[in-house]
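Chain letters run A, B, ... following the sequence lines, proteins first, then strands; residues in each count from 1. From a predicted model like this one, the values you see are computed outputs, not experimental measurements. Just the heavy atoms: all of them, side chains too, but no hydrogens, waters or symmetry mates, feed the values below.
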2 protein chains.
Amino acid sequence: MNINNTFKDMLKEKGYKLTTQRRAVLDVLQNHIGDHLTTEEIYQYVKLQCPEIGLATVYRTVQLLEELKIIDRLTFDDGCNRYELGTFGEDHHHHHLICDFCGQIFEVEEDLMDAIEIQVEKKYKFQVTNHKVKFYGICHQCHAKKHPTS
Amino acid sequence: MNINNTFKDMLKEKGYKLTTQRRAVLDVLQNHIGDHLTTEEIYQYVKLQCPEIGLATVYRTVQLLEELKIIDRLTFDDGCNRYELGTFGEDHHHHHLICDFCGQIFEVEEDLMDAIEIQVEKKYKFQVTNHKVKFYGICHQCHAKKHPTS
DNA sequence: TATTAAAATGATTCTTACTATCAATTGACA
DNA sequence: TGTCAATTGATAGTAAGAATCATTTTAATA
Ligand SMILES: [Mn+2]
Ligand SMILES: [Mn+2]
Ligand SMILES: [Zn+2]
Ligand SMILES: [Zn+2]
């Protein structure tokens, strides 16, 4: 399944149109896999290829891409939304580790939530379709700095 | 372990003072267990008992209580922070179910994250001290409305 | 290809959750 | 009770993001 081939179809299905601005924003996200970009950061990158684009359009496009489940919205409690390319069709989400000391963000490749979701669905009769999971703690580097000899 | 008895001690340990405003804000949170109050909502409630309090003080107090791990900060992506009384000492967190259709929030009493955290700690050498977990999906009521006969 | 209606854009203003500032007040300790 | 640092309330300021609207562009049709 390729995002680029179906992007126009996904838009058409909802009555939306494919514009150069929308392509340019999606391109930025595709060229920054592993990053967690703010809307302002996306705006700065997209202006390099599409200098006439307005910030409002980036805000609108990023909301559209989230609605289409092409990208995921994240928040690391710094007051602004961040975005990353979603897994697009796979029911596999990755999680984030947030170091309380250095603020670095690490990716957890594994999902590992299936068993929990089954328990939740059974007990609470709630059909889970998505989840957002953040782990807070101490990263390897920071732990080494605090305990140099261990 | 009682919050009220140790609140003053927890403050003193960090050089903070116990004020009537701080007590009043904590009282509001204690009297609204199960709710997820915004700072503005806390302000409205606390004014009933403490009419002279300023909004800025509520913002400051709520940050202080979070720093002391007495309350937890939540966000349901509506643009403002929400707070609830923490479990205070117990290593037991509850999660939240968010219905995509009616917007209702449900509480998951069980933590269920221990096994996952052990896997994460082992593979990523990241010492997990906290987590925030949200499940999105369809609640029981909304599912019944969409499938009346099943 | 030209026509056309609806959707999208960019510039701008507006909203609002939250922060910073500061003079006045209060709490903890001696 | 007196001292002084911490705290408060009023107010102004900040910034992410939403709303507005005249102009432009897209995609379907002829
Ligand atoms: Mn990520
Ligand atoms: Mn809760
Ligand atoms: Zn670290
Ligand atoms: Zn519902």
J.: Kindly write out the residues that satisfy side chain to side chain donor-acceptor pair (under 3.5 Å) with B:Tyr45, not counting sequence neighbours, or none if the list is empty.
T.: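 With neighbours one apart ignored, the set is empty.
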
J.: Which parts of nucleotides 22-30 of chain C does protein reach within less than 4.0 Å, heavy atoms only, written one letter per nucleotide 5' to 3' as B for base, S for sugar-phosphate only and - for none?
T.: -----BSS-

J.: Does D:dA18 have OP1 or OP2 under 4.0 Å away from a side-chain N or O of A:Gln63?
T.: yes

J.: Ring centres under 6.0 Å, that's the criterion: do A:His96 and A:Phe76 meet it?
T.: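 Yes, the ring of A:His96 comes within the 6.0 Å limit of the ring of A:Phe76, centre to centre.
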
J.: Of all the base pairs, Watson-Crick or G-U under 3.5 Å, which form stems of three or more consecutive pairs involving DNA chain C?
T.: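 Expected stems, ordered by start: C:1-30 with D:1-30.
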
J.: Send over the distance from A:Phe7 CZ to D:dT26 C1', rounded to a whole Å.
T.: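 Rounding to the nearest Å, CZ of A:Phe7 and C1' of D:dT26 are 14 Å apart.
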
J.: Can you pull the salt bridge (charged side-chain N to carboxylate O under 4.0 Å, His left out) pairs that have at least one residue in residues 48-64 of chain B, sequence neighbours excluded?
T.: none

J.: Could you tell me which residues satisfy salt bridge (charged side-chain N to carboxylate O under 4.0 Å, His left out) with B:Glu67, sequence neighbours excluded, listed by chain and number?
T.: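 B:Glu67: salt bridge (charged side-chain N to carboxylate O under 4.0 Å, His left out) contacts with B:Lys14.
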
J.: Between atom CG in B:Asp77 and atom C1' in C:dA17, what is the gap in whole Å?
T.: 15 Å

J.: From CZ of B:Arg82 over to P of C:dC18, roughly how many Å is that when rounded to an integer?
T.: 10 Å

J.: Suppose we screen for ring pair (Phe, Tyr, Trp, His ring centres under 6.0 Å). Which residues come up paired with A:His95, at least two apart in sequence or across chains?
T.: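 A:His95 satisfies ring pair (Phe, Tyr, Trp, His ring centres under 6.0 Å) with A:His131 once adjacent residues are dropped.
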
J.: How do A:Leu64 and A:Tyr43 order along DNA chain C: which one's closest nucleotide is nearer the 5' end?
T.: A:Leu64

J.: Side chain of A:Ile53 only, heavy atoms from C-beta on: which candidate in C:dC18, C:dG10, D:dT8 is closest?
T.: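 Closest nucleotide to the A:Ile53 side chain: C:dG10.
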
J.: Residues two or more places apart in sequence or in another chain: which of them pass ring pair (Phe, Tyr, Trp, His ring centres under 6.0 Å) with B:His140?
T.: none

J.: Would you tabulate the pairs of protein nitrogen or oxygen atoms and nucleotide nitrogen or oxygen atoms of nucleotides 11-16 of chain D closer than 3.5 angstrom?
T.:
none

J.: Mind calculating the distance between CD (A:Glu66) and P (D:dG17) to the nearest angstrom?
T.: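 About 11 Å, once rounded to whole Å.
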
J.: Considering residues at least two apart in sequence or located in another chain, which fulfil the ring pair (Phe, Tyr, Trp, His ring centres under 6.0 Å) criterion with A:Phe101?
T.: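 Counting only residues at least two positions away or on another chain, A:Phe101 forms no ring pair (Phe, Tyr, Trp, His ring centres under 6.0 Å).
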
J.: Send over the distance from A:Tyr83 OH to D:dG17 P, rounded to a whole Å.
T.: 6 Å

J.: Which residues satisfy the side-chain contact (heavy atoms from CB on, under 4.5 Å) test with A:Thr20, sequence neighbours excluded?
T.: none

J.: In whole Å, what is the span from the CD atom of B:Glu41 to the P atom of C:dC18?
T.: 11 Å

J.: Rounded to the Å, how far apart are A:Ile42 CD1 and D:dG17 P?
T.: 10 Å

J.: Which heavy atom of B:Glu117 sits nearest to which heavy atom of A:Phe135, and what is that distance?
T.: CG-CE2, 3.7 Å

J.: Taking the side chain as every heavy atom from C-beta outward, state whether B:Cys139 and A:Tyr124 have any atom pair closer than 4.5 Å.
T.: no

J.: Roughly, in whole Å, what's the span from CG in B:Asp78 to P in C:dT16?
T.: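 Checked: the CG to P distance equals 13 Å.
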
J.: Give one of base, sugar-phosphate or nothing for B:Leu55, where a contact means two heavy atoms less than 4.0 Å apart.
T.: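 Touches nothing.
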
J.: List for me each residue that meets ring pair (Phe, Tyr, Trp, His ring centres under 6.0 Å) alongside A:Tyr16, sequence neighbours excluded, and say none if there are none.
T.: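 With neighbours one apart ignored, the set is empty.
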
J.: Suppose the criterion is salt bridge (charged side-chain N to carboxylate O under 4.0 Å, His left out): which pairs have a residue in residues 74-87 of chain B, not counting sequence neighbours?
T.: A:Arg73-B:Asp77, B:Glu41-B:Arg82, B:Asp77-B:Lys134, B:Asp78-B:Arg82

